[in-house]
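Values below: every heavy atom of this structure, side chains too, minus hydrogens, waters and symmetry copies. From a predicted model like this one, the values you see are computed outputs, not experimental measurements. Chain letters run A, B, ... following the sequence lines, proteins first and then strands; every chain starts at 1.
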Protein chains: 2
Amino acid sequence: MTVTIDDIAREAGVSTATVSYVINNNEKVGPETRKKVLQIIEKRDYHPNSSARNLARKKTEVLGLIVPEVTGVFYADIVQGVEDAAFQNNFTLYLGTTNAKKEREKMMIDHFSGNRVDGLILTTYFINKNYIKELKNRDLDFVFIGNPVKDDSVSTVVVDNFSSGYRAAEHLINLGHKKIAFIKGDPNSWDAEERFAGFKAVMNNYDLEINNDYIKTGNYQQEEGYKAAQELFNLEVKPTAVFASNDQMAMGVYKAAQENNIKIPEQLSVVGFDDIAAASHLNPPLTTVNQPTYRMGQKAVEILIKKIKGQKVPEENIVFETEFIKRNSSQKKSKIF
Amino acid sequence: MTVTIDDIAREAGVSTATVSYVINNNEKVGPETRKKVLQIIEKRDYHPNSSARNLARKKTEVLGLIVPEVTGVFYADIVQGVEDAAFQNNFTLYLGTTNAKKEREKMMIDHFSGNRVDGLILTTYFINKNYIKELKNRDLDFVFIGNPVKDDSVSTVVVDNFSSGYRAAEHLINLGHKKIAFIKGDPNSWDAEERFAGFKAVMNNYDLEINNDYIKTGNYQQEEGYKAAQELFNLEVKPTAVFASNDQMAMGVYKAAQENNIKIPEQLSVVGFDDIAAASHLNPPLTTVNQPTYRMGQKAVEILIKKIKGQKVPEENIVFETEFIKRNSSQKKSKIF
DNA sequence: GTGAAAGCGCTAACAG
DNA sequence: CTGTTAGCGCTTTCAC
């Protein structure tokens, strides 16, 4: 038998309204009434039924978060940032994982509709403008982390993947490298595409040729980085540097290099992206780009909660700075090799 | 204006009961009635209010998961396992993070009471028997991952930390090491204590002395492993092997070793625990113990859902096997050093 | 096969 | 300061 507000009211000899008031810290309840009620609540270990409460209030105080997966450092940090911020604002978190599957992504979002959450934070691959339009008609606030679609009518918190990619590749160029390979990420991932665009842009600006043999595609997994590197190493004219669009794949490059007896950074410079925890512990430590994922998660919550609270905030596009981190996996192009 | 079941009913010219039936796939609705209703639901983009539904049904079809944090590989994998399994069973996931803070842990659990979830999966540090007793009086099923308390009256899915610690240390002993250091985990973490107990047990069985100077305590963070190792390396008689109770701290040991020009594994064998993704990419690859965290998460959901469905399952204590993974960070004790 | 209506447990006017 | 009461939106029994 679960205990309800009626039980408490009866036992305390007050009305349910009064009990409700004390639960909700309504000032107008007299001190002793409050005390008595509190006491009985405690004694009966009463916990208000949140469905009933949500129904009556028309809000849930829960945030939904949709991510492809949670085991990669990148998303794990976002989740942590979101969770902490949500907690601090007295919101709880629904977590939905899409496995980067288009259909599951849509299911997840639909699932969160229907007053299950007050707002939604989305890190998605497949969402399109049409779907966003549909979303807007729902009684639901939302903000994106990362911008799968260019759309000024939605709030996003992002990182400038283009510039970050540009800068990281420029580092390689400044080191004297000309034969630079690029390992792209999942074809569906817009962020990898942006990094690639940045790469192409610098190459072009420095009048460097983009050799198609040097452009490989992985799915952000280490294994794919490994395969891509193997192919690269089988080329007649090998690249002297490789830019992997995430650290996982860079780790794969390390492995392939080791197997082929190619020394990093002496014979091959490599730069990654993300600055995962392991990056600084690799041998040699990996030059990479750090994204403030935790803070991005926090920021998304901040914006979302403002919206939920009804503050008329303009749709904003927050761009966080990345940090280029020079470590030892990249060095001046050797004249020997 | 959110659209409700009444709107649909009116527009379809049927009663709300009928709409409810079709939403819930109740067989008895006639094919054309169903079709018409479905059509209007689609057209209006109607999503049933889940609070109302939960209130009426007295269940939520959501699972709560409480973890200390989500950025470590260990918990991230659990989260992923739980999320996937929940999704497959048409449950969604509430995620709560405790930061390994006692008070927040309790808040989180209390928060989930009150019909917010149908069941709870707990990975906690501080829970005690009293609190469990209290939990049992709530209308809530739960299962633990890891067993902070020895209590046969609750379901748990665990790993045998004692034996795993025993075995890993035994590996070192078999390699000829006698001066073996141990870096304990967070004092609050029962699992680290169990690993330590296993360590002490082998040492004792092999008549090896446990030197207090060789026993350090960290908080599972890499930084603490680093500090502990520094202290170890400052000892007059240095250990020839160190067993870090998780991989993060082992990574700290690597760093300290490097700074002190101590070669792993030639001068120092090290073994970790957890087999995080980076473990195999360290230089040298880390000997460690793998825990099937993802599967543990899945299993917990499986048990929990059985309970929720009212199947009278006995409280079970599922013990998963760990896998000892020999890599290159440990080797025969050198006669030179 | 369909509908009327009584809840589910709580909130929040409104009245006193 | 406290109580009465009408919802919140959906499910489900029972009757037709």
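- When the side-chain nitrogen and oxygen atoms of S15(B) are compared with OP1 and OP2 of dG3(C), one or more of them lie within a distance under 4.0 Å.
- Note: Y94(B) and Y94(A) have parallel aromatic rings, judged against thresholds of 30 and 60 degrees for the angle between ring planes.
- Contact check, T18(A) against dT2(D): no side-chain N or O comes under 4.0 Å of OP1 or OP2.
- S50(B) and N115(A) form no side-chain donor-acceptor contact under 3.5 Å, judged by distance and modelled atom types alone.
- A donor-acceptor contact closer than 3.5 angstrom links the side chains of N24(A) and R57(A).
- Residue V19(B) is out of contact with every strand shown, counting any heavy-atom pair closer than 4.0 Å.
- Phosphate contact (OP1/OP2 of dC8(D), side-chain N/O of N49(B), threshold under 4.0 Å): absent.
- In this model, no donor atom of one side chain and acceptor atom of the other lie less than 3.5 Å apart for T71(B) and D77(A).
- For dG9(C), its base never sits under 3.5 Å from the side chain of Y46(A) at any donor and acceptor pair.
- Per the geometry, CZ belonging to R57(B) stands 21 Å off P belonging to dC8(D), to the nearest Å.
- Counting to the nearest Å, the P atom of dC10(D) and the CD atom of E61(B) are 16 Å from each other.
- Across the protein-nucleic acid pair, H47(A) atom NE2 and dC8(C) atom C1' stand 19 Å apart, rounded to whole Å.
- Side-chain N/O atoms of T4(B) include none lying less than 4.0 angstrom from OP1 or OP2 on dG9(D).
- Rounded to whole Å, the distance from CZ on R10(B) to P on dA4(C) is 13 Å.
- For T33(A), a side-chain nitrogen or oxygen approaches OP1 or OP2 of dT2(D) to under 4.0 Å.
- Between dA12(C) and K58(A), no contact under 4.0 Å exists linking OP1 or OP2 to a side-chain N or O.
- Separating the CG atom of N115(B) from the C1' atom of dG9(C) is a distance of 9 Å, rounded to the nearest angstrom.
- Counting to the nearest Å, the P atom of dC8(C) and the CG atom of N54(A) are 18 Å from each other.
- For the residue pair D84(A) / Y294(A), a side-chain donor-acceptor distance below 3.5 Å is found, with atom types taken as modelled.
- Spacing between atom CD of E27(A) and atom P of dT2(D) amounts to 13 Å, rounded to whole angstrom units.
- Comparing T16(B) and L55(B) against DNA chain C, the residue whose closest nucleotide sits nearer the 5' end is T16(B).
- Distance I5(A) CD1 to dT11(C) P: 5 Å, rounded to the nearest Å.
- Residue Y21(B) has its side chain nearest to dC14(D) when only dC14(C), dC10(D), dC14(D) are considered.
- Nucleotides of DNA chain C nearest to D6(A) and K28(A) differ in position, and the one nearer the 5' end is that of D6(A).
- Residue-level contact check: N24(A) touches the backbone only, with heavy atoms under 4.0 Å from sugar-phosphate atoms and none from bases.
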